[in-house]
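Everything below concerns the one structure shown next.
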Amino acid sequence: MKRPIALSCGEPAGIGPEIAVKAWDALRAELPFFWIGDPAHLPAGAAYELISSPSDAHRVSGSAMPVLQQSFAGSAQKGEADSANAQGVIDAIETGVLLVKSGAAAALCTAPIHKKALQDGAAFAYPGHTEFLAALDDKEDVVMMLASEQLRVVPATIHIPLKDVPNALTPQCLESTLRITRAALQTQFGISQPTIAVAGLNPHAGEGGKMGHEDDEVIAPVLEKLRAEGFILNGPLPADTMFHAGARAGYDAAVCMYHDQALIPIKTLDFDKGVNVTLGLSFIRTSPDHGTAFDIAGQGIANPTSLIEALRMAARMSDT
Ligand SMILES: NC(=O)c1ccc[n+]([C@@H]2O[C@H](COP(=O)([O-])OP(=O)(O)OC[C@H]3O[C@@H](n4cnc5c(N)ncnc54)[C@H](O)[C@@H]3O)[C@@H](O)[C@H]2O)c1
Ligand SMILES: N[C@H](C(=O)O)[C@H](O)COP(=O)(O)O
């Protein structure tokens with residue numbers, strides 16, 4: 001019997017609860033998951049049933065969304081985070097991690113959190129799930145990949161101000177990112193000899209040093225070192241010509257130098273079906289590629305497709 005996937009509820013004031021119910025309705029006959037959250041945050045009339053253990057998810061899933069109750073101290077006014085809920089949001093993620101690490105759940109999928117709300121309400125010390133999960137899993141280096149059928153992208157630096165990117169782009173950071181990315185392409189995506197395109201940092205990949213030196217002095221030497229180990233790497237490439245269809249046909253994943261250099265192309269190409277997957281953890285974790293969408297929360301119009309694809313990817317990657 002397939003082990004269920006744990007879905008943490010994310011920010012109650014966001015669209016997480018409503019897309020969870022929509023995802024359950026779409027996947028009820030395909031894959032089992034249980035939602036870690038407070039049923040009071042679900043849309044009125046949602047079909048749910050409380051469970052006491054992940055092993056109950058199968059029995060329930062065909063007719064109702066299985067819910068593992070998580071308590072919250074605040075209200076859940078859609079569209080406006082209540083900082084009193086911050087600890088409950090964090091606890092739901094930690095419960096999911098415990099259950100996946102114990103083997104009770106096959107993988108963890110996380111609904112969107114509102115990072116500032118967690119920082120304000122619970123002094124959350126992490127920029128996002130990725131860094132928090134790495135700490136919970138005692139992993140120094142993990143990688144955030146955004147993946148869809150059209151493109152896989154990895155930013156070498158994530159949730160830091162743009163002005164801090166050049167200093168954060170150390171040879172160690174880039175080498176670790178490339179090693180984790182290649183290993184995941186081989187083991188999780190079944191590509192034995194993956195080709196990875198690597199973006200430059202500067203316009204025109206530095207134009208031979210005329211527009212910056214990181215491309216020639218930091219990025220290129222790392223690529224040379226790894227090519228000597230058998231990595232198939234293209235770059236450093238001018239980022240503005242890496243993502244058209246013809247370019248994408250030439251590689252299996254693109255490693256970029258900072259958050260938006262990676263996320264703009266995939267969210268432009270495939271916002272509805274993009275999935276965020278964390279590589280380098282001891283367990284499988286995926287999430288939708290979007291956030292809490294406060295501007296539409298509670299209107300019942302949120303698109304569940306990215307969450308559905310995130311749950312499907314978690315199931316595929318965990319062979320559940
Ligand atoms: N995986 C995550 O936990 C995650 C991912 C991205 C952003 N965030 C957080 O979410 C908060 C808001 O971020 P943001 O405004 O930059 O991005 P966002 O994705 O929440 O919203 C951007 C725009 O896309 C729309 N949108 C997003 N998801 C949608 C969906 N499923 N269906 C229909 N429309 C959708 C929103 O209505 C909004 O107009 C921030 O706190 C951010 O840190 C969390
Ligand atoms: N950076 C991602 C995005 O913009 O879609 C998202 O915030 C993921 O962050 P975490 O999974 O680390 O919360």
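Numbering of ligands and ligand atoms starts at 1, following listing order. Computed from a prediction, not measured in an experiment: that's the story for all the values here. Position 1 is the first residue of the sequence, and the numbers go up from there.
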Legend entry - Atom NE2 of H204: over 12 foreign heavy atoms under 6.0 Å: no
Inset, instruction - Side-chain contact test, heavy atoms from C-beta onward, threshold under 4.5 Å: evaluate it for P17 versus V21 and give yes or no. - result: no
Legend entry - Under-4.0 Å heavy-atom contact between protein and atom 36 (C) of ligand 1: yes
Inset, instruction - Would you mind checking if D137 and K101 are paired as a salt bridge, meaning a charged N to carboxylate O distance below 4.0 Å? - result: yes
Inset, instruction - Determine whether any heavy atom of K267 lies closer than 4.0 Å to an atom of ligand 2. - result: yes
Legend entry - Contact check: A293 vs ligand 1, nitrogen or oxygen atoms, below 3.5 angstrom: yes
Inset, instruction - Could you tell me whether atom 7 (C) of ligand 1 has a protein heavy atom closer than 4.0 Å? - result: yes
Legend entry - contact_flag R285 ligand 2 heavy-atom lt 4.0 Å: yes
Legend entry - Protein contact of atom 3 (C) of ligand 2 - nearest heavy atom, named by residue and atom, plus distance: L263 CD2, 3.3 Å
Inset, instruction - Report yes or no: do L162 and M257 belong to one cluster of Ile/Leu/Val/Met/Phe/Trp/Tyr joined by side chain heavy-atom distances under 4.5 Å? - result: yes
Inset, instruction - For ligand 1, note which part of I296 has a heavy atom under 4.0 Å away: side chain, backbone, both or neither. - result: side chain
Inset, instruction - Measure the distances from the heavy atoms of F271 to every atom of ligand 1 and state whether one is below 4.0 angstrom. - result: yes
Legend entry - Whether F72 and H41 hold their rings parallel, tilted or perpendicular, with breakpoints at 30° and 60°: perpendicular
Inset, instruction - Would you mind telling me if ligand 2 is within reach of the side chain of H290, the backbone, both or neither, using heavy atoms under 4.0 Å? - result: neither
Legend entry - Shortest reach to atom 40 (C) of ligand 1 by a heavy atom, considering only H114, H129, H159, E18: H114
Inset, instruction - Would you indicate whether the side-chain heavy atoms of I219 and V198 approach each other to under 4.5 Å? - result: yes
Inset, instruction - Measure the distance from atom 10 (P) of ligand 2 to every protein heavy atom, then report the residue, atom name and distance (to 0.1 Å) of the closest one. - result: H129 N, 3.4 Å
Inset, instruction - For the pair K78 (side chain) and P12 (backbone), establish whether a donor and an acceptor sit closer than 3.5 Å, ignoring hydrogens and angles. - result: yes
Inset, instruction - Taking the six-membered ring of F243 (Phe, Tyr or Trp), confirm whether the NZ or CZ of R248 is under 6.0 Å from its centre and within 45° of its axis. - result: no
Inset, instruction - Determine, using the 4.5 Å side-chain heavy-atom cutoff (strictly less than), whether M65 and I5 are members of one ILVMFWY cluster. - result: yes
Legend entry - Numbering as shown, the atoms of ligand 1 that approach P112 to under 4.0 Å (heavy-atom distance): 2 (C), 3 (O)
Legend entry - Numbered atoms of ligand 1 (with element) below 4.0 Å of A302, judged on heavy atoms: 32 (N)
Inset, instruction - Give a yes or no on whether atom 28 (N) of ligand 1 lies under 4.0 Å from any heavy atom of the protein. - result: yes
Inset, instruction - Taking only heavy atoms of G128 into account, list the atoms of ligand 2 that are under 4.0 Å away from them. - result: 12 (O), 13 (O)
Legend entry - Heavy-atom closest pair, residues N202 and H213: ND2-N, 4.0 Å
Inset, instruction - Mark whether atom 20 (O) of ligand 1 lies under 4.0 angstrom from at least one protein heavy atom. - result: yes
Legend entry - Nearest heavy atoms of D289 and F271, plus distance in Å: OD2-O, 2.8 Å
Inset, instruction - Look up atom 31 (N) of ligand 1 and tell me if a protein heavy atom lies less than 4.0 Å from it? - result: yes
Inset, instruction - Examine the proximity of ligand 1 to I15 and report which part, side chain or backbone, both or neither, has a heavy atom under 4.0 Å away. - result: side chain
Inset, instruction - Looking only at protein heavy atoms, identify the closest one to atom 5 (C) of ligand 1 and say how far it is in Å. - result: H290 O, 3.0 Å
Inset, instruction - From the options I180, I158, L178, select the one residue that forms a side chain to side chain contact (heavy atoms under 4.5 Å, CB included) with V143. - result: I180
Inset, instruction - Could you check atom 6 (C) of ligand 2 against the protein and tell me its nearest heavy-atom contact, residue, atom and distance included? - result: K115 NZ, 3.5 Å
Inset, instruction - Considering only non-hydrogen protein atoms, determine which one is nearest to atom 13 (O) of ligand 1 and report residue, atom name and distance to 0.1 Å. - result: G291 CA, 4.5 Å
Legend entry - hydrophobic_cluster_shared for F34 and L50, side chain cutoff 4.5 Å: no
Inset, instruction - Could you check atom 8 (C) of ligand 2 against the protein and tell me its nearest heavy-atom contact, residue, atom and distance included? - result: N276 ND2, 3.3 Å
Inset, instruction - Number the atoms of ligand 1 from 1 as they appear, then name those within less than 4.0 Å of a heavy atom of S287, with their elements. - result: 1 (N)
Inset, instruction - Output yes when the distance from some N or O of ligand 1 to some N or O of K116 is under 3.5 Å, and no in every other case. - result: no
Inset, instruction - Consider only side-chain heavy atoms of I, L, V, M, F, W and Y, link residues closer than 4.5 Å, and tell whether L151 and L263 are in one cluster. - result: yes
Inset, instruction - Check each heavy atom of T110 against ligand 2 and say whether those closer than 4.0 Å belong to the side chain, the backbone, both or neither. - result: neither
Legend entry - Atom indices of ligand 2, in the order listed, that fall short of 4.0 Å to a heavy atom of H259: 1 (N), 2 (C), 3 (C), 4 (O)
Legend entry - Protein residue, atom and distance nearest to atom 11 (C) of ligand 1, heavy-atom basis: T292 OG1, 3.3 Å
Legend entry - Worked check of side-chain contact (heavy atoms from CB on, under 4.5 Å) between L68 and W35: CA-CA 6 Å; L68 197 63; W35 187 71; over 6 Å; no
Legend entry - Common cluster, V277/L108, ILVMFWY with side-chain heavy-atom separation under 4.5 Å: no
Legend entry - Shortest protein heavy-atom distance from atom 43 (O) of ligand 1, along with the residue and atom involved: K115 CD, 3.1 Å
Inset, instruction - Apply side-chain contact (heavy atoms from CB on, under 4.5 Å) to E94 and I90, showing your working. - result: CA-CA 6 Å; E94 291 184 336; I90 295 166; 4.1 Å; yes
Inset, instruction - Around atom 39 (O) of ligand 1, find the nearest protein heavy atom and jot down its residue, atom name and distance. - result: D295 OD2, 2.9 Å
Inset, instruction - Provide the number and element of each atom of ligand 2 under 4.0 Å from a heavy atom of T130. - result: 10 (P), 11 (O), 12 (O)
Legend entry - N/O donor-acceptor pair under 3.5 Å between E175 side chain and Q172 backbone: no
Legend entry - D82 and S75: side chain donor to acceptor below 3.5 Å: yes
Inset, instruction - Check if S306 has a non-hydrogen atom at a distance under 4.0 Å from any atom of ligand 1. - result: no
Inset, instruction - Could you tell me whether K267 and ligand 1 have an N or O pair separated by under 3.5 Å? - result: no
Inset, instruction - Any chance you could measure M144, atom CE, to L133, atom CG, to the nearest 0.5 Å? - result: 12.5 Å
Legend entry - Any N or O of S287 closer than 3.5 Å to N or O of ligand 2: no
Inset, instruction - Indicate yes or no: does an N/O atom of I113 lie under 3.5 Å from an N/O atom of ligand 1? - result: yes
Inset, instruction - Check ligand 1 against N303 and write out every atom of the ligand that is under 4.0 Å from a heavy-atom position of the residue. - result: 30 (C), 31 (N), 32 (N), 33 (C)
